[in-house]
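Heads up: the structure comes next, in structure tokens.
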Amino acid sequence: MSELPRLMPTDPQMFRATVLATARVSPSFQRVTLGGPALDGFAWQGHDHWFRLFVPATPGAALVLPEVEGRSWWQAYLAIEEAQRPHCSNYTVADLRRTGTGTGTEIDVDVVLHTDEPGHLAGRVARWAVSAAPGTPVALLDQGPMFDPPADTRRVHLAADESGLPGVRGILRDLAADTAGTAVIEVPTADDVEPGLAHPDGVEVTWVVREGRHDRPGAAALQAVQARTGPVDPLDYAFVVGESTLATGARRHLRRGGLPAGRICFSGFYKAHPHPQPVA
């Protein structure tokens, strides 16, 4: 998106935390639970509330963080010596619990797991997620939600591949009970489907499984959006995220269907390499 989300904080805060636990929750997802008293100040707004996750440059290294002034942090981040510069990636709050115990607030982060062509786990955060020991330091830079439907919205239309599943899951969980619309979610394997996904009765949820297909991630979801979402009410609202071709293709389809550009929140989280595979 070309404009900053309206709900993004003007003075985002950096929160230090530590890893409490990490566990495989499906073939393609590792859930890392973070905690710490500082997270009590994290002003969670639900829906697709996201943050920038900073992890140590190498296993066991100290976590060196950039200074944050207003929304400025990137230049300070680049100024950190490369050997000490933490890795930074964007993630959604999968769940948040105010425990009232010594661990403070707990935040779950769902990390997508893919393998490269030789079959090795790909992605720095994915490798970190499956091996991080309890007590490993991390930091979160709050960025707020992107999902921001106008008050006059009649129906919502959601679409995502696995990278956007945590955000769509949170939106469906927090929508008003009388919300109507559609949601298309693509996942790598049938075991990644969440049959108990909470959502309003009026939202039709379609799961698309990529397993056995040779399409790039997001292609099957885009096909489903094109097949299931015809002409739309100009007062509807859409949220489409994931692989860049899915995000831009779904936006184009919805625009042709009559939805104004200002009522479509879209973001291409990444550009897919050919045929990433889920971890067995």
Side-chain angles (χ1 to χ4, degrees), residues 17-36 39 48-56 58-60 63 86-97 99 103 105-140 160-173 183 185-199 205 207-213 216-218 220-221 241-243 269-270 272-273 275-280:
T18 59
V19 172
L20 300 180
T22 179
R24 184 73 61 85
V25 292
S26 79
S28 304
F29 286 95
Q30 186 83 7
R31 179 165 295 164
V32 183
T33 300
L34 311 176
L39 292 178
D48 68 317
H49 197 138
W50 67 287
F51 56 89
R52 301 188 190 276
L53 175 67
F54 295 83
V55 302
T58 56
L63 182 61
H87 181 71
C88 175
S89 293
N90 302 337
Y91 282 92
T92 300
V93 176
D95 196 13
L96 182 146
R97 295 174 295 280
T99 66
T103 60
T105 296
E106 296 181 0
I107 289 178
D108 290 335
V109 185
D110 287 352
V111 178
V112 178
L113 304 178
H114 284 302
T115 59
D116 57 21
E117 195 67 28
H120 303 130
L121 188 62
R124 193 164 169 182
V125 176
R127 293 191 294 270
W128 169 84
V130 300
S131 61
T136 299
V138 299
L140 293 73
D161 62 15
E162 61 268 27
S163 67
L165 170 55
V168 168
R169 184 199 296 126
I171 291 168
L172 290 170
R173 177 197 61 220
I185 308 169
E186 178 185 322
V187 289
T189 78
D191 288 336
D192 295 314
V193 173
E194 302 176 12
L197 185 73
H199 63 88
V205 177
W207 289 92
V208 181
V209 176
R210 193 166 64 247
E211 196 167 26
R213 303 174 62 125
R216 72 167 56 224
V241 297
E243 204 279 332
F269 292 159
Y270 67 106
H273 296 296
H275 316 317
Q277 297 296 320
V279 177

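We use all heavy atoms of the structure for the numbers below, so side chains are in, but hydrogens, waters and symmetry mates are not.
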Taken to the nearest 0.5 Å, the spacing of L113 CG from D192 CG works out to 9.5 Å
Nearest heavy-atom contact between A160 and A221 is O-CB, 4.2 Å
From CG (L165) to CD (E194), nearest 0.5 Å: 5.0 Å
V112: partners by side-chain contact (heavy atoms from CB on, under 4.5 Å), with sequence neighbours left out: F29, H114, E162
Can you tell me if Q30 uses its side chain to pair, donor with acceptor, with the backbone of V130 under 3.5 Å? no
Listing, residues 88-96 side-chain donor-acceptor contacts under 3.5 Å, not counting sequence neighbours, or none:
residue: S89; atom: OG; partner: H87; partner atom: NE2; Å: 2.8
residue: N90; atom: OD1; partner: R52; partner atom: NH1; Å: 3.0

Can you name the residues that form a side-chain contact (heavy atoms from CB on, under 4.5 Å) with A132, not counting sequence neighbours? V19, W128, T136
If you measure from CG on L39 to CD on E106, what distance do you get to the nearest 0.5 Å? 9.5 Å
Do you know the tightest heavy-atom contact between L172 and A198? CB-O, 3.4 Å
In Å, rounded to the nearest 0.5 Å, how long is the span from CG of L34 to CG of L53? 6.5 Å
Write down the atom of V241, the atom of G164, and the distance for their closest heavy-atom approach. CG2-CA, 3.9 Å
How many angstroms lie between CD1 in I171 and NE2 in H199, if you round to the nearest 0.5 Å? 14.5 Å
Identify the two heavy atoms, one from S163 and one from G242, that lie closest to each other, and give their separation to 0.1 Å. OG-CA, 3.4 Å
May I ask you to say whether D161 pairs ionically with R210, meaning some side-chain N is under 4.0 Å from a carboxylate O? no
So, for V138 and V55, which heavy atoms are closest and what is the spacing to 0.1 Å? CG1-CG1, 4.3 Å
One pair to check against side-chain contact (heavy atoms from CB on, under 4.5 Å): V187 and T189. What are the steps and the verdict? CA-CA 6 Å; V187 289; T189 78; over 6 Å; no
Heavy-atom pair of closest approach, residues V209 and P188: CG1-O, 4.0 Å
